[in-house]
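Counting from 1, the numbers follow the sequence of the chain as shown. Both ligands and their constituent atoms are indexed starting at 1 by order of listing.
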Amino acid sequence: MAPLRIALYNGKGGCGKTTLAWNLAMGLARRAPTLLVDADPQGSLRDWAHWADSADHYAITLCDWAGLCEGGQPEHRYRVYDCPPRPDGDEIQGILRQADIVLLPALPSPLDLWASRRAAELVQDMQGGGSGVRGYFILNQVEANSALSRASQSAIAAMGLPVLPVAIYRRAIYRSAALEGLSVYHMGKRAQAACEEIERLIEEILK
Ligand SMILES: Nc1ncnc2c1ncn2[C@@H]1O[C@H](COP(=O)(O)OP(=O)(O)O)[C@@H](O)[C@H]1O
Ligand SMILES: [Mg+2]
């Protein structure tokens, strides 16, 4: 069976592609073998993640941007791509053509959303060209107690891609986990809320 392929993509840097790709892949790996493709040629994941620790406990394998894994590519059910922060290009198109689901992380501010416009257009072009890819915005670093502003709502509506009904909140634990090269699943009780929202994200994707 072909794996379910999920790409984290947005032309903008700093919106949460790597954070979400990493934690999402860790959550998926608790369910079935998962490949995490570090498609950013800067290879931040490889430098950063504690592969020895995490691979012992979870069925996760890291591949570089060309899809090469140490020891060959294992059988896997889920494949997660961390895309480079570029709106377009051959690599990006290659990944998006393969993907079943594209998630565009965006910060819930109108300016940030507008900056994601070209990325959203590329996904829509692919859909218009007959690709069955499902594309969604996922709001990241949402602040507790602050309703999404009306300007953000209309920016999203103008973008033409749906927003996933699961938002990821701004939580220090995402940064602390990253500093230690770990996912939120490794951080114990203080990461419970973060784990729960990543689990909700996974359930939404697997619907
Ligand atoms: N939900 C979140 N809560 C708190 N910090 C976050 C969250 N998502 C991302 N970050 C932090 O924001 C910064 C940018 O995230 P990153 O995943 O590297 O973005 P990208 O891969 O799109 O460039 C990192 O320092 C990361 O730890
Ligand atoms: Mg990144």
Show me which atoms of ligand 1 lie under 4.0 Å from any heavy atom of [X].
| X | answer |
| --- | --- |
| Gly13 | 23 (O) |
| Ile168 | 1 (N) |
| Tyr169 | 1 (N), 2 (C), 3 (N) |

For [atom], which protein heavy atom lies nearest, and how many Å away is it?
| atom | result |
| --- | --- |
| atom 27 (O) of ligand 1 | Arg175 CG, 3.4 Å |
| atom 6 (C) of ligand 1 | Gln141 NE2, 3.3 Å |
| atom 4 (C) of ligand 1 | Arg171 O, 3.2 Å |
| atom 18 (O) of ligand 1 | Thr18 CB, 4.2 Å |

**Prompt:** Quick one: do Glu180 and Arg175 make a salt bridge, cutoff under 4.0 Å?
**Reply:**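 Result for this pair is no, no salt bridge flagged.
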**Message:** Between Glu203 and Arg200, does any side-chain N to carboxylate O distance fall below 4.0 Å?
**Reply:**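 A salt bridge is absent here (no side-chain N lies under 4.0 Å from a carboxylate O).
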Is [X] close to ligand 1, meaning an N/O of one under 3.5 Å from an N/O of the other?
| X | answer |
| --- | --- |
| Lys17 | yes |
| Thr19 | yes |
| Cys15 | yes |
| Gly16 | yes |
| Tyr174 | no |
| Gly14 | yes |

Nearest atoms (heavy-atom pairs only) where [X] meets [Y]:
| X | Y | result |
| --- | --- | --- |
| Leu96 | Val133 | O-CG2, 4.5 Å |
| Pro84 | Glu91 | CG-OE1, 3.7 Å |
| Arg134 | Ile205 | NH2-O, 3.5 Å |

**Prompt:** Can you name the one residue among Leu122, Asp82, Ile95, Leu103 that meets side-chain contact (heavy atoms from CB on, under 4.5 Å) with Tyr9?
**Reply:**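 With Tyr9 as partner, side-chain contact (heavy atoms from CB on, under 4.5 Å) holds for just one option, Leu122.
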**Prompt:** Taking the side chain as C-beta and beyond, is there a heavy-atom pair between Pro3 and Tyr78 under 4.5 Å?
**Reply:**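 Not touching, per the 4.5 Å side-chain cut-off.
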**Request:** Return yes if some donor-acceptor pair links the side-chain N/O of Thr34 with the main-chain N/O of Ala32 below 3.5 Å, else return no.
**Result:**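 Yes, Thr34 side chain to Ala32 backbone: donor-acceptor pair under 3.5 Å.
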**Message:** Has Trp22 got a side-chain atom pairing as donor or acceptor with Lys17's backbone, closer than 3.5 angstrom?
**Reply:**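 No; judged by distance alone, with no hydrogens or angles, the pair does not exist.
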**Tyr81 versus Gln98, side-chain donor and acceptor atoms under 3.5 Å** =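 There is such a pair (donor and acceptor under 3.5 Å, judged by atom type) between the side chains of Gln98 and Tyr81.
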**Request:** Verify the distance test for Thr19 against the Mg ion (ligand 2): any N/O/S atom under 2.8 Å, yes or no.
**Result:**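 Checking the Mg ion (ligand 2) against Thr19, no N, O or S atom falls under 2.8 Å.
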**Asked** With a 4.0 Å cut-off, strictly under, does atom 24 (C) of ligand 1 pick up any protein heavy atom?
**Response**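 When distances to the protein are checked, atom 24 (C) of ligand 1 has no heavy atom within 4.0 Å.
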**Message:** If we set the cut-off at 4.0 Å for heavy atoms, which region of Asn140 has an atom near ligand 1: side chain, backbone, both, or neither?
**Reply:**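 Only the side chain of Asn140 comes within reach of ligand 1.
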